[in-house]
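Just below is one structure, and these are the notes that go with it.
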Amino acid sequence: MMKPADNIIICPNCGDGQKIIDVESGELICTKCGYVIHDRVGDVHEDWSILATEPSSKLRTSPTSLARSGMGLSTIIGRPDKSAGSGLNAAMRSTFDRLRAWDFRVKGQDERSLRRAFVELDRLRGIIQLSDAIVEKTAYIYRRAQERGLVRGRTMRAILGAAIYIVQREMGISGTMDDIIKATNTKEKDLARAYRILLRELDLKVPMLDPVKCVSRVANNANIGERTKRRAMDMINDVIKSGQAAGKDPMGLAASVLYIACLCSNEPKSQATIAEAAGVSEVTLRKNQRMIVGIRQQTTESIL
DNA sequence: TAAGATAAGAGGGACAT
DNA sequence: ATGTCAGTCTTATCTTA
């Protein structure tokens, strides 16, 4: 499912120029005070630092609007795959042209395997909804991966999927890995491994997904009330401040915090419900829960 | 310098309560 | 529904050739 890029606007509640981030539910939520607005305004802000280093290519002007036009509705009406034939191939051709322009010293064999990969990428594009911009950036990453010999010994699809995931994360599109797993028909382990390798070897940095955003997302998935959500957001900020959240899966933290918040707010939700909404196991939720409760006890004791 | 050994930490499954 | 434990996977660090 496609999500729009992050919108950064001013929060009308706390006003202080706080950021408001468009989470996948389509809500706008202030990362500081938790205020929720329902109007969707603000200019879409996209940045692509990697490609910005390419001097003469005007990649950012590529027409993504066409691919995006079906966003949202198309998941209900059905895939616009019929129109894919001509349009996509044209887009892929332009991608090829650009890639070739970047480096004309490609060897024949490399180019052939590259082409195979891009054919697969084209297929993926029809399954998951990928904008032109995503396809191009994915292709760029894949090409770099192949240049460094990272593809050898791994499946091409895993690398492609990982590249897609990275691009989505960089663009603030919180796509799920599950979609990619299904589309690429790879094992999660392979995909995750490829993902880590790409990050390390290509020096890519993906913005850590914001735990506050995660709380909001999970809360919406699990139909948790506004007050409880707010409480959970406060709580997770404390957890982050305590420093004990380092290296933990933000989704797991979000789930645990929400569970505790539900207990406090007398809004009964089972661990299973919340864990499922967050895409983590109940075990993880419990472990984090214990840790968080420990933190809260410590802080309250230190206050007393 | 590169490849193996070991330890620590995290997440998930199975079972018990 | 919730709590507990053993086995798995990954990364970092140390060792060995």
Side-chain angles (χ1 to χ4, degrees), chain A residues 141 145 147-155 157-166 168-169 174-182 184-215 217-219 221-225 228-229 231-232 235-298:
Chain A
I141 290 179
E147 279 176 353
R148 304 222 182 170
L150 303 179
V151 183
R152 185 193 286 268
R154 284 174 262 275
T155 66
R157 290 180 171 182
I159 302 284
L160 267 181
I164 291 173
Y165 184 69
I166 291 173
Q168 287 184 335
R169 286 279 299 276
S174 46
T176 69
M177 220 176 216
D178 289 339
D179 296 339
I180 299 177
I181 289 172
K182 267 180 259 157
T184 57
N185 195 23
T186 53
K187 297 194 194 75
E188 174 171 13
K189 205 194 296 178
D190 294 334
L191 193 60
R193 189 174 286 137
Y195 169 73
R196 282 189 298 268
I197 285 169
L198 286 187
L199 283 190
R200 179 154 36 90
E201 298 296 326
L202 299 184
D203 283 327
L204 298 174
K205 51 202 173 309
V206 171
M208 194 190 71
L209 39 101
D210 183 359
V212 179
K213 245 198 265 186
C214 293
V215 168
R217 185 146 99 208
V218 175
N221 282 348
N223 287 322
I224 290 172
T228 310
K229 188 186 350 180
R231 195 193 281 252
M235 221 179 279
I236 204 164
N237 280 325
D238 290 342
V239 173
I240 294 170
K241 263 184 258 163
S242 79
Q244 306 235 5
K248 292 270 191 355
D249 179 9
M251 281 300 206
L253 291 174
S256 310
V257 161
L258 274 166
Y259 179 67
I260 298 173
C262 282
L263 291 180
C264 296
S265 304
N266 234 353
E267 183 175 344
K269 294 277 181 188
S270 72
Q271 293 180 353
T273 307
I274 297 179
E276 206 260 331
V280 299
S281 74
E282 303 172 42
V283 180
T284 303
L285 190 153
R286 287 171 207 138
K287 277 185 183 170
N288 288 331
Q289 178 193 2
R290 206 180 308 166
M291 175 201 71
I292 292 168
V293 171
I295 290 173
R296 306 193 82 212
Q297 282 173 351
Q298 279 182 3

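The model shown is predicted, which means the values in this text are computed figures rather than measured ones. Reminder, nothing fancy here: chain letters follow the sequence lines and each chain counts from 1.
- When the C1' atom of C:dT4 is taken as reference, atom CZ of A:R286 falls 9 Å away, rounded to whole Å.
- Spacing between atom CD of A:E276 and atom C1' of B:dG12 amounts to 15 Å, rounded to whole angstrom units.
- Taking atom CD on A:E282 and atom P on C:dA1, their separation rounds to 8 Å, with Å as the unit.
- For A:T284, counting side-chain heavy atoms from C-beta on, the closest listed nucleotide (C:dT2, B:dA10, B:dG12) is B:dG12.
- The two atoms that bring A:A145 and A:I159 nearest to each other are CB-CG2, 4.2 Å, heavy atoms only.
- Taking for each of A:R290 and A:R196 the nucleotide of DNA chain C with the nearest heavy atom, the 5'-most of the two is the partner of A:R290.
- Qualifying salt bridge (charged side-chain N to carboxylate O under 4.0 Å, His left out) partners for A:R231, counting only residues two or more places apart in sequence or in other chains: none.
- Within the 4.0 Å cut-off from OP1 or OP2 of B:dA10, not a single side-chain nitrogen or oxygen of A:K287 is found.
- Comparing atom distances between the A:R193 side chain and each of B:dA10, C:dT2, C:dT10 picks out C:dT10 as nearest.
- Nearest-nucleotide assignment on DNA chain C puts the 5′-proximal partner with A:K269, out of A:K269 and A:K189.
- Following rounding to the nearest Å, A:D190 (CG) and C:dC9 (C1') show an atom-to-atom distance of 13 Å.
- The phosphate of C:dG3 (OP1 or OP2) has a side-chain N or O of A:Q271 nearer than 4.0 angstrom.
- Rounded to a whole Å, the CD atom of A:Q244 is 13 Å from the P atom of B:dG9.
- Contact of the A:I260 side chain with the A:Q289 side chain is registered, since non-hydrogen atoms from C-beta on lie closer than 4.5 Å.
- What separates CG of A:L285 from P of C:dT4 is a distance of 14 Å, to the nearest Å.
- The separation between A:Q289 atom CD and C:dT4 atom C1' is 14 Å, rounded to whole Å.
- Checking C:dA1, C:dT2, B:dA10 against the side-chain heavy atoms of A:A272 singles out C:dA1 as nearest.
- When the C1' atom of C:dC9 is taken as reference, atom CG of A:D249 falls 15 Å away, rounded to whole Å.
- From A:L285, atom CG reaches atom OG of A:S270 across 9.5 Å, with rounding to the nearest 0.5 Å.
- Taking each heavy atom of A:I224 and A:E267 in turn, the nearest pair found is CA-OE2, 3.5 Å.
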